[in-house]
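Hydrogens, waters and symmetry mates play no part in the numbers below; they use all other heavy atoms, side chains included.
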Amino acid sequence: MENVAIGAPADFSLIALFLRASLTVKIVMVLLVLASVWSWATIIQKLMVQTATRRDSGSFDRRFWSGEPLDDLYDRMTGKPKGAAERIFSAGMTEWRKSQRDDGELIPGAQSRIDRAMNVAINRESDRLTRGLPFLATVGSTAPFIGLFGTVWGIKTAFEGIALSQNTSLAVVAPGIAEALVATALGLLTAIPAVIFYNKLVTDADRITGQHEAFADEFSTILSRQIEDA
């Protein structure tokens, strides 16, 4: 930390505080800024994924319940389902067709295989919705302590400077303390959005997964009726 000349006005801008900070505090600040940027990138990406998933699922639900034959709906996908709901439906229909013998009868255990295929698809979609969220949880729980470490180190450095200069004037103490407190502020600014959006994104992901499971149950019920009537 550089000493501030007595009587000279101290620059308390963020850039000046960063430049005057010790190497350890600078490293802490850079790590927190990088963690914040990565957190916001994860937040934005997950918000876009969840928004697209809800939109695609709503569009598919309307087509699924429109009365169109399920075989026709499946054939129109041409093997390339677009959204999560379509992929779950495609997994069930694929297993349904694989379970049919040449004579039109179903091989034993078709219902359980269809259910397992859709459960696998649901788990994949759930993983896609929640991938990266543990990083937000880690940032939310550790960033304040990382910032606090930078503050403690900065204050230690400031007091060492006071001891060496033998000057306890507030003009000498204030810049060093301000530099140290910036680390705590950065830690909080990094952690608070991470915690808020982690809770929101996890809750929304659970809600979307629940909707997928409900759809799979309804689709399985429809197929089970056809199996019983076959």
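Within the 4.5 Å cutoff, the side chain of H212 has no heavy atoms near those of the R87 side chain. T130 places none of its side-chain heavy atoms less than 4.5 Å from the side chain of V202. A heavy-atom distance below 4.5 Å is not found between the side chains of D72 and R76. Residues F60 and M77 are in side-chain contact: their nearest non-hydrogen atoms beyond the backbone lie under 4.5 Å apart. Contact annotation: the side chain of R62 never approaches that of S66 to less than 4.5 Å [non-hydrogen atoms, C-beta and beyond]. The shortest side-chain heavy-atom distance between E218 and F64 does not fall under the 4.5 Å cut-off. A heavy-atom distance below 4.5 Å is found between the side chains of L136 and L133.
In plain terms, the two heavy atoms of A191 and G140 that are nearest each other are CB-O, 3.7 Å.
One N or O on the side chain of T151 and one on the backbone of T184 form a donor-acceptor pair closer than 3.5 Å. A donor-acceptor pair under 3.5 Å links the side-chain atoms of T94 to the main chain of S90, judged by distance alone. Side chain of S39 to backbone of A35: a donor-acceptor contact under 3.5 angstrom is found. At least one donor-acceptor pair under 3.5 Å links the side chain of Q50 to the backbone N or O of L201.
E125 and T209 share no side-chain donor-acceptor pair at under 3.5 Å.
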